[in-house]
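Side-chain atoms are counted along with the backbone in the values below, which use heavy atoms only and exclude waters and symmetry mates. Model, not experiment: these values are computed from the prediction.
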Amino acid sequence: MKLFYTIMVVMLLAMSGQNSYASFPEFFGASPSTSAVGSQANTDFSDPANAYYAGALSAFSDKLSLNASYDYVNHDLYPITNIVVKNSTNYSGATQNGNVNTEYGEFRHTSLHVILPVRYPGAGNIVFNLFAPMGSFIETNTGHPTLPEYVFYHARYKRTEAFLQYAHPLTPNLAFSLGTFVGFQVRADMSAQASITGTPYGSSASAKAKVAPSLAALASIAYKLENWATYFAFKQEMKSNLDANMMGDTSDPPIPFDIEVASLPYYDPTIFRLGLQRKGDRLSFMGLLEYQMWEHYQTPLVRITQRASVKSSDNYEHVQTKNILLPKVGFQWNIVDALSVMGGVAYRPTPLKGDFSGSGNSIDSNTTIFTTGLKWNTAFSNFPMEIAGSFQWHQLEERTVVKTANQENGAGGSKIGAPGYKIGGNVYMASLGLKIVF
């Protein structure tokens, strides 16, 4: 029966494949030309990738432009070895030690950005931003329920996401934008009649699911002078929930089961952005302060609620979060008219409070992000074209976790993760892209 319940939960999670992940560009930037300057908007108003940060910047362009890129991410996180992986809270036998898989592997990703001018002069632009993993529409992974988990790196940015905005110039120097991005809510119901070995007839089941879109708001305002520009942007919180009911019974002996499965696999925080740029003939500078609000975050852990014979999940972890401020600075140096070098640095504090010494398995660390890249300007059939490449190094601050005494339920013994381990490591991202203006 334990195997049957496990299979049912796995099936329901598989049905949640439309859930919304947090944004790939939130971590790595929207394109090579934005990733290379510290993951923020650059000074080229014709670049549609800037609309991810502030759609109003695109209102200062009056030409059709396209930007497409390919991204590669590799994770190199600290291994976690020789810790308690089983105790009486998740296993009926003796306490066991073992290793935790922190090899989250490689990830390949693509993006497409478009500025589409409205046909009437001064009417503004429609801007579209699309982010998608290669080889799949979405990849879901709620992580292990009890073992230590780098909760923001396992599968958080592996999803397709679309942004649509309208950018309108109020004056030659002032513009605003309004738009939306789309998430999904999943509701599933499943009933089953489980026949165990020895019953003369097989098991049966029925299932239904509903995937409903959720919309969150985007808004921004931008002001520019001859060499300066500033912008303020807002991105609304997005929760992407999975809720499922599973009910039925076994045939012989008749054991009813009726459980609710709930998870918040992916969460987009409310974000406020304030950016400032100075564009020079040879040297340009960019800065951004990004404020993220995480008070409604929940870990993606699957939570089971008992309504019949199957017990509820223990849910020993009680995550505390904090709002975070991310500073970003970047530059672009035009070595010659056709070739530019870019660089930047950003700092991302972890939104998780505490030292992870108590119950729970979610771990994270403060991250310093170093960025660089090259940009080459050329032409294709007399249309201006730009080829750009970027590289990012995310360095997770090393932290030592020492678990407190007693098990998660208060009984004598060692917590899962005891005696302790180190958090840290590196994440690398390389990107190559092409922009063309018509």
_Suppose we screen for side chain to side chain donor-acceptor pair (under 3.5 Å). Which residues come up paired with Ser340, at least two apart in sequence or across chains?_
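Listed in chain order: Asn334.
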
*Can you name the side chain to side chain donor-acceptor pair (under 3.5 Å) partners of Thr43, sequence neighbours left out?*
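Residues passing side chain to side chain donor-acceptor pair (under 3.5 Å) with Thr43: none at all.
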
State, without any angle test, whether [X] and [Y] hold a side-chain donor-acceptor pair at a distance under 3.5 Å.
X: Ser177; Y: Ser220; answer: yes
X: Thr171; Y: Asn173; answer: no
X: Gln292; Y: Trp294; answer: yes

*What residues form a ring pair (Phe, Tyr, Trp, His ring centres under 6.0 Å) with Phe272, not counting sequence neighbours?*
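Applying ring pair (Phe, Tyr, Trp, His ring centres under 6.0 Å) to Phe272 gives Phe234.
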
*asked:* Tyr104: which residues meet the ring pair (Phe, Tyr, Trp, His ring centres under 6.0 Å) condition with it, sequence neighbours left out?
replied: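 Tyr104: ring pair (Phe, Tyr, Trp, His ring centres under 6.0 Å) contacts with His154.
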
List the atom pairs, with distances to 0.1 Å, where a side-chain N or O of residues 430-438 and a protein N or O form a donor-acceptor pair under 3.5 Å, not counting sequence neighbours.
from: Ser431; atom 1: OG; to: Tyr70; atom 2: O; distance (Å): 3.4
from: Ser431; atom 1: OG; to: Asp71; atom 2: OD1; distance (Å): 2.6
from: Lys435; atom 1: NZ; to: Asp44; atom 2: OD2; distance (Å): 2.3
from: Lys435; atom 1: NZ; to: Ser46; atom 2: OG; distance (Å): 3.1

Run the salt bridge (Lys or Arg N to Asp or Glu O under 4.0 Å) test against [X] and tell me which residues pass, sequence neighbours left out.
X: Glu226; result: none
X: Lys353; result: none
X: Arg399; result: none
X: Asp337; result: Arg282

*Sorted by first residue and then second, give each ring pair (Phe, Tyr, Trp, His ring centres under 6.0 Å) pair with at least one member in residues 331-359; sequence neighbours left out.*
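Checked against ring pair (Phe, Tyr, Trp, His ring centres under 6.0 Å) - neighbours excluded - no pair reaches residues 331-359.
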
*Please, which pairs that meet ring pair (Phe, Tyr, Trp, His ring centres under 6.0 Å) have at least one residue in residues 207-231, sequence neighbours excluded?*
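For residues 207-231, and leaving out neighbouring residues, there are no ring pair (Phe, Tyr, Trp, His ring centres under 6.0 Å) pairs at all.
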
_Among Glu290, Lys328, Arg348, Glu26, exactly one meets side chain to side chain contact (heavy atoms under 4.5 Å, CB included) together with Ser39. Which residue is that?_
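Only match with Ser39 under side chain to side chain contact (heavy atoms under 4.5 Å, CB included): Lys328.
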
What pairs of donor and acceptor atoms, side-chain ones from residues 118-128 against any protein atom, are under 3.5 angstrom apart with sequence neighbours left out?
from: Asn125; atom 1: ND2; to: Ser58; atom 2: O; distance (Å): 2.7
from: Asn125; atom 1: ND2; to: Ser61; atom 2: O; distance (Å): 2.7

*Aromatic ring pairing Tyr150/Tyr153, orientation class (parallel under 30°, perpendicular over 60°, tilted between)*: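 Rings of Tyr150 and Tyr153: perpendicular, as their planes differ by over 60°.
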
